[in-house]
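Reading through the structure tokens given below for one structure.
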Amino acid sequence: MPVTDESNAAGRTTIGAEARFDARRRQVGLVLGPLVFALVLALPLAGLTPEAHRLAAVVALVIVFWVTEALPLAVTALLGPTLAVVLQVAPVGAAFAPMANPIVFLFIGSFILAQALFVHRVNERIAYSVLSWRIIGARPTRILLAYGALAAFLSAWMSNTATAAMLVPIGLSLVAFMESESRVPRGYGTALMLMTAYGCSRGGMATPVGTPPNLITIAMLDDLLGVRITFVEWMLLALPVTLVLVVIAFVYLNWVGRTGVNEIPGADAIVAERKRALGPWKPGERNAVIAFGVTVCLWVGPGILALVLGRDHAVAQMVLASVPESVAALIGAVLLFLLPISKEQRSTLTWKQAAQIDWGTVLLFGGGLSLGALSASSGLALAVGSGITGLLPTDAVVPLTFAAALFTVVLSEAMSNTAATNIAIPIVVSIAQAAGVDPVVPAVSAGLAASVAVVLPVSTPPNAIVYASGRVPITQMIKYGLLMDGLAIVLVPAMVLWLL
């Protein structure tokens with residue numbers, strides 16, 4: 001059954017209402033933020049140094065602006081350290097030094113690599129190749145499983161927004177054909193769209209470069225605690241969590257979207273036709289895969305060497321120091337400008353194409369690191385942690401790990417998960433330190449939990465893209481998302497505790 005004019009009109013009405021709500025939210029934030037800033041600055045906060053007190057006002061303003069999106073998130077991230085310098089919380093060098101954290105360059109390099117895969121449509125070739133496998137064929141259940149696996153795999157290495165934007169139109173064309181030819185229930189289309197969104201969100205958890213919250217967690221653990229987590233170590237922890245969450249989503253959505261038919265003749269022909277339209281492999285595609293493959297080897301190789309020889313082995317330490325993840329990403333990015341496509345185009349990627357990466361997320365990440373470092377150096381984080389430990393039963397690692405996951409999920413439903421992680425990780429670390437608990441376990445739990453919020457269209461970009469397709473009513477997104485969130489809030493911290 002194709003999407004009707006009535007359903008399109010309803011979707012436009014709902015989107016218009018959300019746009020009006022967002023506009024009011026921003027207006028409220030522009031007024032509320034400065035008021036909260038002035039209030040915190042005026043209050044007598046015992047136990048804080050003057051610098052920590054002024055920073056508390058800055059952090060309060062930043063949180064309000066992030067929640068309400070009164071300013072673009074990246075602008076707010078720059079506003080935080082700027083105000084910290086103006087209020088003499090720290091000198092300008094110390095305030096902005098975290099902007100040059102090596103993880104920032106890992107972000108930039110991995111974004112450029114993902115941009116090359118997107119520009120040369122390598123992601124589409126992978127998608128159509130998998131969907132055309134004979135084992136999948138025209139079976140609705142296997143198509144649903146393949147969609148979830150594809151979304152998770154691609155999102156582990158590139159933007160989940162780009163992955164969802166690519167997979168949703170393919171899925172919509174398949175669903176329209178199935179509904180017109182075999183009267184497949186509309187619920188299958190809803191399930192396929194939600195499987196795309198859930199697969200993208202969960203898949204990003206699997207690797208450090210899959211989603212910004214992962215890199216934020218790794219960077220803050222390094223900056224605040226001196227704990228370095230390698231690429232392989234993160235995957236050993238996060239990949240099992242991702243697999244469990246994706247399988248649960250598939251089992252549930254397969255039941256929700258049951259079609260009553262085993263096969264829909266002709267569905268596989270659509271995929272085959274799209275695959276043929278891509279033609280043979282082109283030089284740009286091959287070069288992008290070569291650069292990406294070299295980078296993955298450099299990401300994974302040193303970590304495997306450290307696992308085999310031991311982290312304290314001289315060779316392992318030398319390799320880890322010589323080829324950290326950020327340097328590996330930059331090597332791969334530079335390769336894209338060295339590998340030619342033709343005599344006319346002497347590079348796989350032009351700078352104009354590379355410059356289209358998400359610089360806003362890079363700045364948001366750097367600004368969050370800056371506020372985290374300033375909170376630690378000024379004593380604000382420790383004071384907040386000490387205050388909270390007196391109110392909550394967080395004197396053991398288990399309750400704190402579950403509380404950290406719940407806290408981050410709730411934050412992620414109200415704002416960008418990148419901003420939520422920037423807020424949550426320093427607080428979780430400070431609470432754990434004040435309580436005498438190892439901060440690594442609850443911090444990793446919070447970092448992973450930042451990617452599981454899927455209740456609202458604004459929770460994640462894949463959710464927004466899926467909702468805009470018109471195939472997922474808001475009531476169903478909330479109903480199914482609440483169940484997914486609830487399961488994840490229990491499973492993520494439980495698996496982190498078990499694996500660590």
Side-chain angles (χ1 to χ4, degrees), residues 103 152 155-156 198-199 201-249 303 307 311 372 385 388-389 392-413 417-418 420-454 460 483-500:
I103 300 292
S155 294
Y198 297 165
S201 299
R202 274 89 175 120
M205 300 162 64
T207 69
V209 297
T211 186
N214 300 348
L215 288 176
I216 291 170
T217 304
I218 292 170
M220 287 192 173
L221 287 176
D222 192 6
D223 285 351
L224 302 178
L225 302 174
V227 175
R228 182 183 175 188
I229 299 177
T230 67
F231 202 98
V232 172
E233 287 170 341
W234 182 273
M235 287 189 68
L236 289 174
L237 170 68
L239 189 56
V241 179
T242 296
L243 291 174
V244 168
L245 293 179
V246 170
V247 168
I248 288 174
L307 289 176
R311 188 183 275 266
I388 294 177
T389 51
L392 300 174
T394 55
D395 56 345
V397 68
V398 173
L400 180 55
T401 301
F402 279 89
L406 175 61
F407 175 55
T408 313
V409 170
V410 172
L411 277 181
S412 298
E413 290 292 1
N417 61 2
T418 305
T421 311
N422 278 324
I423 294 170
I425 299 299
I427 293 176
V428 169
V429 168
S430 61
I431 292 173
Q433 289 177 322
V437 173
D438 178 13
V440 174
V441 176
V444 170
S445 175
L448 287 172
S451 299
V452 304
V454 290
T460 64
L483 177 62
M484 292 293 105
D485 274 15
L487 289 172
I489 288 170
V490 174
L491 287 171
V492 169
M495 292 191 69
V496 169
L497 283 164
W498 175 53
L499 291 167
L500 285 179

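Shown are V232, T217, I218; of these, the side-chain contact (heavy atoms from CB on, under 4.5 Å) with P208 is made only by I218.
For L225, the side chain to side chain contact (heavy atoms under 4.5 Å, CB included) partners at least two apart in sequence or on another chain are L221, V227, V429, Q433, P439, V440. In this view, P493 and T401, F402, A405, S445 satisfy the side chain to side chain contact (heavy atoms under 4.5 Å, CB included) rule, not counting sequence neighbours.
Under the salt bridge (Lys or Arg N to Asp or Glu O under 4.0 Å) criterion, the residue pairs touching residues 222-237 are R228-E325, E233-R311, with sequence neighbours excluded.
Using a 4.5 Å heavy-atom threshold, the side chains of V492 and L245 count as touching. The shortest side-chain heavy-atom distance between L448 and W234 falls under the 4.5 Å cut-off. When side chains are defined from C-beta on, I229 does not count as touching L237, because their heavy atoms never get closer than 4.5 Å. Looking at heavy atoms from C-beta onward, D485 lies in side-chain contact with V454 at the 4.5 angstrom threshold.
Atom OG of S430 and atom CG of L224 lie 9.0 Å apart (nearest 0.5 Å). How far CG of L491 is from CH2 of W498: 12.0 Å, rounded to the nearest 0.5 Å. Note that CD1 of I427 is 11.0 Å distant from CG of N422, once rounded to the nearest 0.5 Å. Here the straight-line distance linking atom OG1 of T242 with atom CE of M495 works out to 9.0 Å at 0.5 Å rounding.
Distance alone, capped at 3.5 Å, is enough to place a donor-acceptor pair between the T207 side chain and the A156 backbone. D438 contributes no side-chain N or O that, together with a main-chain N or O of V397, makes up a donor-acceptor pair within less than 3.5 Å. Between the side chain of S201 and the backbone N or O of Y198, no donor-acceptor pair lies under 3.5 Å. Between the side chain of T211 and the backbone N or O of M205 there is no donor-acceptor pair closer than 3.5 Å.
Across all non-hydrogen atoms, the minimal contact from G210 to N214 is N-ND2, 4.4 Å. Listed here is the closest heavy atom pair of T421 and P213: OG1-CB, 3.3 Å. Summarising the geometry of N417 relative to A450, their closest heavy-atom pair is CB-O, 3.1 Å, with the distance given to 0.1 Å. Shown here for A152 and V246, the closest heavy-atom pair between the two residues is CB-CG2, 4.1 Å.
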